[in-house]
Amino acid sequence: MIVRSNREIAENIFEMTLQGEIVQEITAPGQFLHIKPSAQPVPLLRRPISICNNNKQNNELTIIYRTEGEGTTLLSERKENDSVDVLGPLGNGFSIDETKQEETALIVGGGVGVPPLYSLALALFERGVKVTTVLGFADAASVFYENRFKEAGEVYVSTIDGSAGSKGLVTDVIDNESLQFDRLYACGPTPMLKALEENYPNAQGSLSLEERMGCGIGACFACVCHTQNDPGGSEYRKVCSDGPVFPWREVVL
Amino acid sequence: MTRLQTNLPGLTMKNPIMPASGCFGFGEEFANLYDLNQLGAIALKATTNHPRFGNETPRVAETPAGMLNAIGLQNPGLDKVISEKLSWLETYDTPLLANIAGTTMEDYEEVAADLSETNQVGALELNISCPNVKEGGIAFGTDPDLAAELTRRVKAVSTCPVYVKLSPNVTDITVLAQAVERAGADGLSMINTLSGMKIDIHSGKPLLANESGGLSGPAIKPIAIRMIHEVRKQTELPIIGMGGISTLNDIIEFIIAGADAVAVGTANFTNPFICPELIDELEDYAKAKGLENIQELRQKGVNSF
């Protein structure tokens with residue numbers, strides 16, 4: 001795909017817009033791209049990065065990533081009109097078919113788990129669903145997309161150090177504001193997902209996982225997790241090809 | 001179109017290129033991307049007698065020009081491999097090299113007997129070199145007497161040829177190669193991954209849940225080339241060469257070193273179309289060089305150094 005823009009939107013957080021035919025193949029919010037940051041054998045592997053939003057009319061999509069290591073740093077150096085080796089769209093995204101118009105959806109995102117939730121929020125909003133979003137970040141410098149999510153409904157932000165929004169975790173916001181919902185959608189650090197699953201043991205909706213991947217297509221068995229039905233057994237789900245989105249309580253977090 | 005034709009015991013291949021065991025599952029994922037009949041053969045993911053979940057995650061870690069993996073032989077077990085995977089593969093005419101693993105000799109015998117009885121696998125590949133399981137596996141791959149005994153016992157219960165996949169985690173790989181040859185091996189696969197470790201300097205702990213893992217990718221190619229070259233000087237057994245292959249030149253280098261066929265592993269993860277691409281490139285190369293068969297490369301190569 002061709003880079004249309006690539007800019008830092010928060011501390012070490014980059015938003016890249018890419019153009020290419022594969023945008024037409026996106027079927028649901030929450031799918032991801034598997035990106036080769038370099039044509040050279042170092043770094044060797046692709047990086048899974050979720051799709052934040054897409055525009056099928058002009059074949060563009062947006063990804064948001066944090067520069068954490070060698071691969072994402074190389075990616076952040078790409079300029080307009082550079083090409084990027086992309087495999088995708090991969091994985092199964094969020095299903096919103098069962099969410100009805102008059103229902104309320106609570107969207108909870110943490111850090112770089114926020115991006116795939118943006119197109120989900122827009123899709124739910126377009127469907128007529130009432131959307132409330134809670135976004136958690138480390139500090140004020142790492143906050144992004146707060147205003148973008150407001151296009152879909154009410155937005156609450158929390159930061160660990162209290163430098164933006166309310167001080168504390170996303171779960172504190174939900175408690176303090178007594179947020180009610182029919183459907184719960186989340187993506188972020190595993191402790192956040194675990195806390196949500198414990199606090200709302202009957203929640204309907206789904207969560208999206210992040211995991212180290214090899215192939216991204218289900219062949220290498222690098223990103224496998226246990227199921228809650230058979231937590232110590234041989235039953236499994238592959239995050240890349242069975243997920244990355246799963247219903248609540250399906251996989252062991 | 002016979003320039004690439006490669007005939008090895010149990011494996012009549014239209015070209016010498018196959019995906020390596022463990023890097024291709026049982027083929028289903030790649031069948032969505034291209035026709036598996038293009039492949040010379042398919043080396044299936046290791047099968048054990050009972051289902052295995054494998055190791056906890058993280059199971060992979062990137063290293064310079066390579067990767068470490070510690071999957072832990074995850075597979076659905078012998079019965080499901082036969083009833084689901086092999087029956088699905090029946091629609092393809094590409095020969096199958098079934099990789100088998102276990103923790104005891106009896107495990108290997110059971111899997112070998114049942115898989116060869118299906119008549120669907122062209123040959124077996126004895127996995128005596130997986131570095132990622134706690135018992136069995138690699139012990140059979142580092143002790144020449146155990147390797148020979150296992151080979152003999154598996155040969156005795158198998159109705160198809162048996163290749164032994166050698167571990168590079170030994171002082172002298174030719175000792176192992178000769179031991180399994182004397183025990184009746186029909187061919188060799190080499191090399192498996194090299195045992196390695198990556199430490200997360202922030203946590204101070206190994207990055208992989210299994211602590212150590214098997215190193216693969218371009219980083220290990222020179223080791224594979226050296227070992228194949230050494231073994232080729234000692235034996236005329238067919239060798240399926242592997243270890244970091246990702247380009248046409250890599251394949252040529254392996255054949256010159258003494259490989260009869262090659263397996264592509266880690267490169268399938270970075271480019272899922274790598275095998276059919278390399279097959280096309282090798283065909284073009286053979287044509288451009290005027291080779292009637294690709295094995296002419298090997299004859300030129302190994303005899304000259």
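Computation of the quantities below employed the complete heavy-atom set of this structure, encompassing side-chain atoms and omitting hydrogens, waters and symmetry-equivalent molecules. Only a predicted model underlies this, so the values are computations on that prediction, with no experimental measurement involved. Naming: A, B, ... by sequence-line order, numbering from 1 per chain.
Contacts between B/E28 and chain A at a heavy-atom distance below 4.5 Å are absent for every atom of the residue. For A/L45, the parts sitting under 4.5 Å from any heavy atom of chain B are the backbone and the side chain alike. Using a 4.5 Å cut-off between heavy atoms, B/T270 contacts chain A through both its backbone and its side chain. Only the side chain of A/E211 comes within less than 4.5 Å of a heavy atom of chain B; its backbone N, CA, C and O stay farther away. When heavy atoms are compared at a cutoff of 4.5 Å, B/S246 does not approach chain A at all. Looking at B/L207, only its side chain comes within 4.5 Å of chain A, counting heavy atoms on both sides.
Residues of residues 76-87 of chain B placed with any heavy atom under 4.5 Å of a heavy atom in chain A are absent; none qualify.
For the set B/G22, B/G66, B/A61, B/A219, the entry with the most heavy-atom pairs within less than 4.5 Å of chain A is B/G66. Residue with the most contacts toward chain B among A/M213, A/R212, A/H34, A/K36: A/R212 (heavy-atom pairs, distance under 4.5 Å). The residue among A/L44, A/V42, A/D85 with the most heavy atom pairs within less than 4.5 Å of chain B is A/L44.
Remark: A/K56 NZ is packed, more than 12 non-hydrogen atoms of other residues, nucleotides or ligands lying under 6.0 Å away.
Interatomic distance, A/C220 SG to B/Q74 CD, rounded to the nearest 0.5 Å: 10.5 Å. Taking CZ of B/R52 as the start and OG of A/S234 as the end, the distance is 11.0 Å to the nearest 0.5 Å. Rounded to the nearest 0.5 angstrom, A/F221 CZ and B/N69 CG are separated by 12.5 Å. Within the model, atoms CZ of B/F269 and CZ of A/R46 stand 13.0 Å from one another, a figure rounded to the nearest 0.5 Å.
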* To do: Report the C-alpha distance between B/F30 and A/I217 in whole Å, list the side-chain angles of each, state the deciding distance to 0.1 Å, and finish with yes or no for side chain to side chain contact (heavy atoms under 4.5 Å, CB included).
  => CA-CA 8 Å; B/F30 292 86; A/I217 60 172; 3.8 Å; yes
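Within the 4.5 Å cutoff, the side chain of B/N268 has no heavy atoms near those of the A/C215 side chain.
By the 4.0 Å N-to-carboxylate-O rule, A/R47 lies close enough to B/E62 to be salt-bridged with it.
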